[in-house]
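Notes to accompany the following structure.
Chain letters run A, B, ... following the sequence lines, proteins first and then strands; every chain starts at 1.
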Protein chains: 2
Amino acid sequence: MDSKIGAEERIMQAAIAVFCLRGYDGARMQEIADSADISKASLHYYFRSKENLFRKTVRELFSSIIRNIRSRISEDDSIEEVIGKLVNGYVDMFTAHRRQAFYFLTELMKHEEVLSEIMAGLDTSAFTGGILERFRKEREAGTIIDIEPVDLLINIIGMSVFPIMAEPMLKRALNLSEAEFSNLLAKRKPIVINFVLAAVLRDKP
Amino acid sequence: MDSKIGAEERIMQAAIAVFCLRGYDGARMQEIADSADISKASLHYYFRSKENLFRKTVRELFSSIIRNIRSRISEDDSIEEVIGKLVNGYVDMFTAHRRQAFYFLTELMKHEEVLSEIMAGLDTSAFTGGILERFRKEREAGTIIDIEPVDLLINIIGMSVFPIMAEPMLKRALNLSEAEFSNLLAKRKPIVINFVLAAVLRDKP
DNA sequence: GTCTATATGGCGATAGAC
DNA sequence: GTCTATCGCCATATAGAC
């Protein structure tokens with residue numbers, strides 16, 4: 001790990017990596033310390049306890065994901081462009097941060113109380129951007145079918161994200177090799193976009 | 001836990017519950033023993049080690065899920081019926097076994113090597129049933145659009161399953177209460193079915 | 001087969017020198 | 001601030017009586 005940057009920063013990066021890989025219970029303070037090129041004692045000097053370190057990493061991770069997913073969509077994009085950018089954005093984000101997103105969901109299920117409190121202060125509206133509002137307008141204008149904005153968004157995210165998250169299970173269920181599965185994932189963006197457009201557009205191109 | 005059934009069976013049930021709740025690292029042999037109304041020593045008498053018990057539970061869980069998901073679809077169902085039954089089946093299954101499915105995915109990511117070996121002997125073809133073949137036929141006959149059977153299946157599963165699995169994250173991202181979110185989930189089945197039909201059918205009703 | 005008691009090892013956390 | 005050495009605890013696993 002790059003020793004030019006400060007110890008505290010190195011520890012955070014190492015901790016995120018180790019927590020994501022092993023989960024909270026599986027993570028070892030020793031491995032985090034080693035990975036940050038620092039002794040276990042120094043680690044405790046900076047962050048009093050494992051739980052404290054855990055909380056800090058979760059907060060950091062979540063806000064960075066929110067920042068990352070910030071809408072790339074502008075007001076004057078057509079509905080086709082909006083949907084295209086959404087699919088591209090979600091696929092790219094979850095491809096890049098699959099392990100983190102996964103870790104997040106897992107720990108949310110195991111330590112729901114702790115994490116509710118951690119995330120209470122974070123602004124989550126950027127997560128969905130102004131997308132829901134945009135869908136609502138299109139629905140009113142009649143350019144798309146009569147569907148709840150939330151349901152449309154969930155459909156888009158689900159098709160985009162599910163195969164990425166469920167890869168280890170899907171690969172086996174479908175009997176696909178590593179290469180075959182990557183190939184399948186790589187080709188999905190336009191397929192999902194066309195699928196959504198075919199379902200929601202009133203006037204097909 | 002019901003003490004009329006054999007100790008071994010009681011332990012398996014208790015182990016599955018505890019592993020699903022806490023994950024492998026978070027699970028305690030003491031909790032499994034308590035939950036099975038048996039001493040920790042007896043637990044080790046039946047299953048030599050924690051890892052051994054873990055492997056047995058994973059094998060049992062996975063094959064029971066496969067059995068459960070076995071196609072409810074018959075040859076002479078219309079394509080509309082097929083899609084309807086698929087959505088209903090996946091939603092019901094993942095609603096009932098959300099924690100287990102989740103646990104599964106998580107451990108698959110953390111201990112991929114171990115689990116590959118465990119599942120090598122299991123028949124996974126029931127997981128997708130004859131669905132892919134059916135989609136291929138409909139595509140050739142031209143009743144549905146030109147889409148890879150695998151992609152269509154992933155789209156259906158993704159929309160059905162994603163919001164159930166991602167509940168803890170989605171609830172916060174969308175700022176919905178427990179009640180609001182359940183309500184949303186409860187209403188989704190027909191929405192997803194109609195969405196899929198709108199996207200794939202050549203001749204709309 | 002089932003138990004209590006104990007061995008063994010690893011982990012988070014701390015003491016205290018430098 | 002950083003380290004080595006060590007404490008104290010708890011979890012898996014075993015020994016051995018019943």
* **Within residues 40-48 of chain B, residues whose heavy atoms come under 4.0 Å of DNA chain C** => B:Ala41, B:Ser42, B:Tyr45, B:Tyr46
* Asked: With B:Asp76, which residues qualify under salt bridge (Lys or Arg N to Asp or Glu O under 4.0 Å), at least two apart?
  -> none
* Structure fact -> The side-chain hydrogen bond (donor to acceptor under 3.5 Å, both in side chains) partners of A:Asn52 (sequence neighbours excluded) come to none
* To do: For a side-chain contact (heavy atoms from CB on, under 4.5 Å) with A:Val196, tell me which candidate from A:Asn194, A:Val192, A:Ile193 qualifies.
  => A:Val192
* Asked: chain A on DNA chain C: first and last contacting nucleotide, 5' to 3', under 4.0 Å to a heavy atom?
  -> C:dC11 to C:dA15
* **Whether A:Tyr103 and A:Phe19 hold their rings parallel, tilted or perpendicular, with breakpoints at 30° and 60°** => parallel
* Could you list the residues that satisfy side chain to side chain contact (heavy atoms under 4.5 Å, CB included) with B:Ser182, not counting sequence neighbours? => none
* Asked: Taking only residues two or more places apart in sequence or in another chain, which ones pass salt bridge (Lys or Arg N to Asp or Glu O under 4.0 Å) with B:Arg98?
  -> B:Glu167
* **A:Leu152, A:Ile147, A:Leu153, A:Ile154 screened by side-chain contact (heavy atoms from CB on, under 4.5 Å) with A:Val150, the one that passes** => A:Ile154
* Structure fact -> Residues at least two apart in sequence or cross-chain that pass side-chain hydrogen bond (donor to acceptor under 3.5 Å, both in side chains) with B:Lys189, listed by chain then number, are B:Asn88, B:Asp92
* Who passes salt bridge (Lys or Arg N to Asp or Glu O under 4.0 Å) against A:Glu75, sequence neighbours left out? -> none
* Asked: the helix from C:dG1-D:dC18 to C:dC18-D:dG1: angle between its terminal axes, five pairs each, to 10°?
  -> 10°
* To do: I would like to know whether B:Lys137 and B:Glu140 meet salt bridge (Lys or Arg N to Asp or Glu O under 4.0 Å); could you show each step before the answer?
  => CA-CA 5 Å; B:Lys137 279 182 191 151; B:Glu140 265 179 19; over 6 Å; no
* Structure fact -> residues 15-29 of chain A vs side-chain hydrogen bond (donor to acceptor under 3.5 Å, both in side chains), sequence neighbours excluded, gives A:Arg22-A:Glu31
* Identify, residue by residue, the members of residues 21-29 of chain B with a heavy atom below 4.0 Å from DNA chain D, and return them in order of residue number, or none. => B:Ala27, B:Arg28, B:Met29
* **salt bridge (Lys or Arg N to Asp or Glu O under 4.0 Å) involving B:Glu148 - partner list, sequence neighbours excluded** => B:Arg139
* Asked: B:Gln30 has an atom CD; how far is it from atom C1' of D:dA13, in whole Å?
  -> 13 Å
